[in-house]
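Structure first, then comments.
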There are 2 protein chains.
Amino acid sequence: MAEKRRSPCAMSVKAHAFSVEALIGAEKRRRTSGDGDLFPGYEDRQDVLDLPGSPGLRAGRASTSDQGSEADCPSDGSPESDDAPLERPQPVASCAAAPGTGTGEETRVELQGSDLWKRFHEIGTEMIITKAGRRMFPAMRVKITDLDPHQQYYIAMDIIPVDNKRYRYVYHSSKWMVAGNADSPVPPRVYIHPDSPASGETWMRQVVSFDKLKLTNNELDDQGHIILHSMHKYQPRVHVIHKECGDDLSPVRAVPDGEGTRTFSFPETVFTTVTAYQNQQITRLKIDRNPFAKGFRDSGRNRMGLEALVESYAFWRPSQPCPCQEYPQT
Amino acid sequence: MAEKRRSPCAMSVKAHAFSVEALIGAEKRRRTSGDGDLFPGYEDRQDVLDLPGSPGLRAGRASTSDQGSEADCPSDGSPESDDAPLERPQPVASCAAAPGTGTGEETRVELQGSDLWKRFHEIGTEMIITKAGRRMFPAMRVKITDLDPHQQYYIAMDIIPVDNKRYRYVYHSSKWMVAGNADSPVPPRVYIHPDSPASGETWMRQVVSFDKLKLTNNELDDQGHIILHSMHKYQPRVHVIHKECGDDLSPVRAVPDGEGTRTFSFPETVFTTVTAYQNQQITRLKIDRNPFAKGFRDSGRNRMGLEALVESYAFWRPSQPCPCQEYPQT
DNA sequence: AGTTTGACACCTAGGTGTTAACCT
DNA sequence: AGGTTAACACCTAGGTGTCAAACT
């Protein structure tokens, strides 16, 4: 039942058709009207912190929003935004919650490396997007607990707009300012964790990392990367989806809502997309923490490596050999 | 070292428990008696060539052996062996064939890059095994056709002994000679293709590559690599396993036999395991064809790169700067 | 003497921010 | 003037055969 309908790929998820479907624009995706102050359909689970009020509450699709914890991670950059993602109405799914035992009602998702995330967030996290696709740094890494060990789940990630605004970075004040309304929606993309599907036991034993996920500004992307607009604010979300409810799951459709799907997000992971870094503090922190940027670290700058040596030699080396050099240091 | 990021897990297949089970020796694995001339339980599918007699025949666990096609790929190295794998009795599986429509009776698996395989085979293919695990070169790459597009399958690979012999390479005659009986069996390992499980449609759309598979001689390996004895002859096999029949599938147990499992092997992929190459022709061909060995190609040997340049500079460079060099080329 | 091991130089493959050119 | 792009040097990560030493 509900196996594979019109999608060319019968197998529900793994290597879905990126080719044609990828070019189809997003339709019933999200409202672009001004509802930036409501946060339904947005279940949050802050880090190690539990909600004071009703932690596990989850009624249908309108669930609690953990906006209060945002206070722990103030963003000094966005005057008009509160870093809470827009509502994104999703098609009503027919999938029911897991039958029998624990339905995952108490499932918890904990962000790993949130200290680093918060350091970025305090400055105002920026993520570069390129045509070919760029990884996020830091990458989303979560630890999942209280799954049913014997049930099968998909773990997926998507990234939703925080508001309907477009931003601009004002250098002289080192602040992000609203620069207008958001651009038109991009094709929906979902990053399905490559280990999916797997048992609850498997997911819980490891840290689930989304480091292979890539961001792009190419709306015609056919690599399955997540498509975003530059100079917009976004909120990554993690979805835990029961296997039986994953039939509608696709890299090129919005994550289906329903009883078998639980969604988590972390306010400190909000970021602004850029094609080149705006805030130099962000650049510094990225260089300092991302191993792949080690070449730009100060210790690397002051190096006296082979190239520097060759350069200094080149300075006093003649274009043609100098006879006086042929018998060095006699 | 390659993918140590994966932690052990107990999900049915994906990344099964490598930890403890891996240390358990193989028990009901294969007979080491002298039945080297019989080939039951060994279904073969030669390349593009079809069997002349009964191609798709497959009755229970005793299936046809495609030994005849071996004549196409003569091995000049092994006097006593005929490159046909030993029988390996497997536990009787309770899984029945796929219900309803096509059971995959006509499934075909075609070896990709068989030209290269045959060039190696003509010399006498050798594969290096190391403690840390070594990839195969060439890697097994197959194209699968005539699966049921809507069924789910696992694709797996294992490697079985060709005979009960241990070999030795005699340099002066450039030939492999029998050097005694095989060592005692190693723990069984199965490489489950990382895209598993996937639909028939998904598998058929792509070339299925086993290039991430690694070979090791470490019987205590906990990385999930395939454990082999050095100086023995082996035959890789590809298994197509119905999802419903994959419950017994595990990286550390022999591939379950049964109606839902089909097995394919290609005589030209037989190889002898070594810890250092014996036949220099093999070394040359590996260097010539494996991109990662490009540094050993002749064209690479004659390079005049930066290092060579620096070396030559060092030859006539003085220990202290020469004044006459401060104003070059006036 | 035959086989195995580990350090090594040399590659592939690809993730960084930088920079200059380009676009609008 | 602000935003984007592509080439680039510089990294990480890891797959090669080589070689000398160690093992048995």
Side-chain angles (χ1 to χ4, degrees), chain A residues 126-137 139 166-172 177 179-180 183 211-218 229-232 273-278 280 282-297 299-301 303 305-308 310-311, chain B residues 1-5 126-137 139 166-172 177 179-180 183 211-218 229-231 273-278 280 282-297 299-301 303 305-308:
Chain A
E126 302 175 21
M127 292 289 175
I128 287 196
I129 58 180
T130 68
K131 215 167 138 185
R134 197 77 152 191
R135 287 186 179 180
M136 289 172 58
F137 187 87
R166 173 179 240 278
Y167 289 84
R168 156 184 308 184
Y169 187 75
V170 181
Y171 288 87
H172 73 81
M177 310 287 283
D183 298 341
D211 57 346
K212 298 285 192 298
L213 178 151
K214 285 188 176 180
L215 273 28
T216 184
N217 57 350
N218 178 14
H229 279 133
S230 187
M231 300 293 165
H232 289 236
T273 46
V274 295
T275 56
Y277 289 126
Q278 306 294 306
Q280 294 189 6
I282 290 294
T283 310
R284 256 199 300 274
L285 195 49
K286 297 248 185 181
I287 289 173
D288 199 41
R289 298 308 197 90
N290 190 332
F292 289 109
K294 185 176 280 184
F296 301 102
R297 306 231 254 254
S299 59
R301 291 267 184 216
R303 80 197 178 285
L306 187 57
E307 187 183 345
V310 169
E311 267 179 357
Chain B
M1 203 66 168
E3 43 235 49
K4 65 181 169 192
R5 206 167 300 181
E126 300 175 22
M127 293 289 175
I128 288 195
I129 58 178
T130 67
K131 216 165 137 184
R134 195 78 151 193
R135 288 187 179 179
M136 289 172 58
F137 186 87
R166 173 178 240 275
Y167 289 84
R168 156 185 307 186
Y169 186 74
V170 182
Y171 288 87
H172 73 81
M177 308 287 283
D183 298 341
D211 57 345
K212 297 284 191 299
L213 178 151
K214 285 189 176 179
L215 273 27
T216 184
N217 56 350
N218 179 14
H229 279 133
S230 186
M231 300 293 166
T273 46
V274 296
T275 57
Y277 289 126
Q278 304 295 306
Q280 294 189 6
I282 290 295
T283 310
R284 255 199 299 273
L285 194 49
K286 297 250 184 179
I287 288 174
D288 199 43
R289 298 307 197 91
N290 190 331
F292 289 108
K294 186 177 279 185
F296 299 102
R297 306 229 256 254
S299 58
R301 291 261 184 221
R303 78 197 178 284
L306 185 59
E307 189 181 345

Inspect the contact between A/Arg166 and A/Asp183 and indicate whether a charged nitrogen and a carboxylate oxygen are less than 4.0 angstrom apart.
-> yes
With heavy atoms under 4.0 Å as the rule, sort B/Thr130 into base, sugar-phosphate or nothing.
-> nothing
Separation of B/Gln278 atom CD from C/dA1 atom P, in whole Å?
-> 16 Å
Please give, in whole Å, the distance from D/dG14 C1' to B/Lys212 NZ?
-> 11 Å
Whole Å only: how far is the CZ atom of A/Arg289 from the P atom of D/dT12?
-> 16 Å
Measure the acute angle between the ring planes of B/Tyr169 and B/Tyr171, then classify it against the limits of 30° and 60° as parallel, tilted or perpendicular.
-> perpendicular
Just checking B/Phe137: base, sugar-phosphate only, or nothing, at a heavy-atom cut-off of under 4.0 Å?
-> nothing
Give the nucleotide from the list C/dT5, C/dT18, C/dC11 with an atom nearest to the side chain of B/Lys294.
-> C/dC11
Between OG1 on residue B/Thr273 and OH on residue B/Tyr167, distance to nearest 0.5 Å = 11.0 Å
Can you check whether A/Asn290 has a side-chain N or O nearer than 4.0 Å to OP1 or OP2 of D/dC11?
-> no
Phosphate-side-chain proximity, B/Thr275 and C/dT5, N/O vs OP1/OP2 below 4.0 Å | no
Any A/Arg134 side-chain nitrogen or oxygen under 4.0 Å from OP1 or OP2 of C/dG17 = yes
Please give, in whole Å, the distance from D/dT18 C1' to B/Lys286 NZ?
-> 15 Å
Using heavy atoms to find the nearest nucleotide of DNA chain D for A/Lys131 and A/Tyr171 separately, return the residue whose nucleotide is more 5′.
-> A/Tyr171
Name the residue closer to the 5' end of DNA chain C, choosing between B/Phe292 and B/Ile129 according to the nucleotide with the nearest heavy atom.
-> B/Ile129
In sequence, state the C-alpha distance, the side-chain angles, and the governing distance for A/Leu213 and A/Arg135, and then conclude on side chain to side chain contact (heavy atoms under 4.5 Å, CB included).
-> CA-CA 6 Å; A/Leu213 178 151; A/Arg135 287 186 179 180; over 6 Å; no
Does a side-chain N or O from B/Ser230 land closer than 4.0 Å to OP1 or OP2 of C/dT4, or not?
-> yes
Would you indicate which nucleotide in D/dT4, C/dT16, D/dT12 comes nearest to any side-chain atom of A/Pro291?
-> D/dT12
Between C/dT18, C/dG15, C/dT5, which nucleotide has the shortest distance from any of its atoms to the side chain of B/Asn217?
-> C/dT5
Is B/Asn218 near enough to C/dT5 that one of its side-chain N or O atoms lies under 4.0 angstrom from OP1 or OP2?
-> no
Regarding the side chain of B/Arg135, the nearest nucleotide among D/dG15, C/dG2, D/dA9 is D/dG15
Whole-Å distance between D/dG15 C1' and B/Arg297 CZ?
-> 13 Å
The side chain of A/Lys214 lies closest to which of these nucleotides: C/dG15, C/dG6, D/dT4?
-> C/dG15
Starting at atom CD1 of A/Ile282, determine the distance to atom P of C/dT16, rounded to an integer number of angstrom.
-> 15 Å
Rounding to a whole Å, what distance do you find between B/Ile128:CD1 and D/dG15:P?
-> 14 Å
B/Tyr277 OH to B/Met127 CE distance, which is reported to the nearest 0.5 Å | 7.5 Å
Run the numbers on A/Thr216 and A/Ile129 for side chain to side chain contact (heavy atoms under 4.5 Å, CB included), then give the verdict.
-> CA-CA 5 Å; A/Thr216 184; A/Ile129 58 180; 5.8 Å; no
Please state how far atom CG in B/Asp211 lies from atom C1' in C/dA13, giving the value in whole angstrom units.
-> 13 Å
